[in-house]
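Beneath this line is the structure, given in structure tokens, with notes to follow.
Heavy-atom basis, side chains included; hydrogens, waters and symmetry copies ignored.
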Amino acid sequence: MSHELKPWSVTASRITYEDRWIRLRSDDCVTAEGTVVAPFHVLDYPDWINVIPLMPDGRVLLTREYRHGCGEIILGLVAGGVEPADIEAGDAAMAAARRELREETGHEASTFVKLLTSYPNAANHSNIVTSWLALGLNRTGEPRFDPEEKVDMLFADLGDILADLRSGAVIMQSMHVAALFAAESWLRMHASEGLK
């Protein structure tokens, strides 16, 4: 069965909730076939980034923190949202990656490798997430967390973390999982270059 896909038409749009974290947009839509979908709620988040800091010995620096959505303390990556100052810096995703790495770990990186850009949830989120591999790490200061953040940092072997993800022994945010597997692929492709 073959048919032509077309985007929906938006007949009305309004912001139904907004605060410093999120904006909820409610659209009245009509499909190409004439079906009315109203309201359809879209979460307008800023773009996000995540960073995999890779130490010279091959270990990755992970975060461990409470995540209220799932009500658990989980492993994750250095991550955050793109802020207005990042946008002014030019490459907003790159600027956000550098800033978040500094803030959450106290490290700077000599090299950032863009691993992938993806939609967190294209069904009802408007933003994208860019995943980075940070190489050539140098500790330049102490982490600076937001008042509501309490984050533990730990080093782990990338292969061990991926094995734990495959077995289900560790559950992480899906965008972080995708970034870790993309990092493994990139590192395998560049293994002969002797990365530091």
Side-chain angles (χ1 to χ4, degrees), residues 5 7-8 10 13-27 29 31 37 39-54 60-105 109 112-134 145-146 148-149 151 153 156 158 161-162 164-166 168 170-187:
L5 294 173
W8 295 352
V10 178
S13 184
R14 61 215 165 271
I15 303 304
T16 47
Y17 181 80
E18 183 172 16
D19 66 16
R20 69 183 181 130
W21 301 107
I22 190 171
R23 184 169 74 170
L24 178 67
R25 189 180 81 228
S26 299
D27 293 343
C29 304
T31 70
V37 183
F40 189 92
H41 303 293
V42 176
L43 299 172
D44 277 333
Y45 288 107
D47 288 343
W48 297 331
I49 59 89
N50 57 55
V51 181
I52 301 169
L54 182 68
V60 294
L61 185 54
L62 298 174
T63 63
R64 186 173 171 270
E65 63 185 304
Y66 174 72
R67 292 302 195 181
H68 189 66
C70 67
E72 295 180 19
I73 296 169
I74 64 170
L75 288 177
L77 300 178
V78 169
V82 172
E83 297 179 355
D86 301 323
I87 296 167
E88 293 169 11
D91 185 339
M94 168 62 73
R98 286 188 185 283
R99 177 182 48 74
E100 289 289 345
L101 180 64
R102 236 183 352 261
E103 288 177 3
E104 292 191 15
T105 73
F112 280 84
V113 176
K114 186 187 287 188
L115 295 171
L116 61 111
T117 301
S118 59
Y119 293 107
N121 182 352
N124 65 359
H125 287 50
S126 61
N127 64 330
I128 60 170
V129 59
T130 305
S131 301
W132 301 89
L133 180 63
F145 299 115
D146 293 333
E148 73 277 1
E149 290 181 309
V151 182
M153 305 303 291
L158 179 59
I161 288 296
L162 294 176
D164 286 345
L165 288 167
R166 285 184 185 101
V170 170
I171 299 175
M172 291 175 127
Q173 188 182 121
S174 59
M175 294 169 293
H176 295 190
V177 173
L180 287 165
F181 278 99
E184 177 195 40
S185 176
W186 189 91
L187 289 166

Minimal non-hydrogen separation, [X] against [Y], with atom names:
X	Y	value
Ala79	His176	CB-NE2, 3.7 Å
Trp132	Ala97	CD1-CB, 3.6 Å
Gly81	Trp48	CA-CD1, 3.9 Å
Ala183	Leu133	CB-CD1, 4.3 Å

Residues which pass side chain to side chain donor-acceptor pair (under 3.5 Å) with [X], listed by chain and number, not counting sequence neighbours:
X	value
Thr105	His107
Ser13	Asp27
Thr16	Ser26
Asn124	Asn121

**Study point:** Counterpart residues, salt bridge (Lys or Arg N to Asp or Glu O under 4.0 Å), relative to Asp47 (two or more places apart)
**Key:** none
In the structure I gave you, are the side-chain heavy atoms of [X] and [Y] within less than 4.5 Å of one another anywhere?
X	Y	answer
Leu61	Val78	no
Leu43	Leu24	yes
Asn127	Val82	no
Glu104	Val51	no
Val10	Trp8	no

Exercise for review: Apply side chain to side chain contact (heavy atoms under 4.5 Å, CB included) to Pro46 and list each qualifying residue two or more places apart in sequence or on a separate chain.
Suggested key: none
Exercise for review: Kindly indicate, with the supporting measurements, whether the criterion side chain to side chain contact (heavy atoms under 4.5 Å, CB included) is fulfilled by Thr63 and Met153.
Suggested key: CA-CA 5 Å; Thr63 63; Met153 305 303 291; 3.8 Å; yes
Review point. If you look only at pairs with a residue in residues 13-24, which of them pass as a salt bridge (Lys or Arg N to Asp or Glu O under 4.0 Å), with sequence neighbours excluded?
Key: Arg14-Asp28, Arg23-Asp44
Exercise for review: If a pair satisfies salt bridge (Lys or Arg N to Asp or Glu O under 4.0 Å) and one of its residues is in residues 67-77, list it, with sequence neighbours excluded.
Suggested key: Glu65-Arg67
Can you sort out the partners of [X] under ring-ring contact (aromatic ring centres under 6.0 Å, His included), two or more places apart, ordered by chain and number?
X	value
Phe181	none
His125	Tyr45
Tyr17	none

[atom1] of [X] to [atom2] of [Y]: how many Å apart, nearest 0.5 Å?
X	Y	atom1	atom2	answer
Leu180	Asp164	CG	CG	11.5 Å
Met172	Leu77	CE	CG	5.5 Å
Arg98	Asp86	CZ	CG	12.0 Å
Leu116	Ile128	CG	CD1	10.5 Å
Ile161	Glu184	CD1	CD	12.5 Å
Leu115	Ile52	CG	CD1	5.5 Å

Point to revise | Over 12 non-hydrogen atoms of neighbours within 6.0 angstrom of CD1 in Ile171 | key: no
Point to revise | Of all pairs that satisfy ring pair (Phe, Tyr, Trp, His ring centres under 6.0 Å), the ones with a partner from residues 62-102, not counting sequence neighbours | key: Tyr66-His68
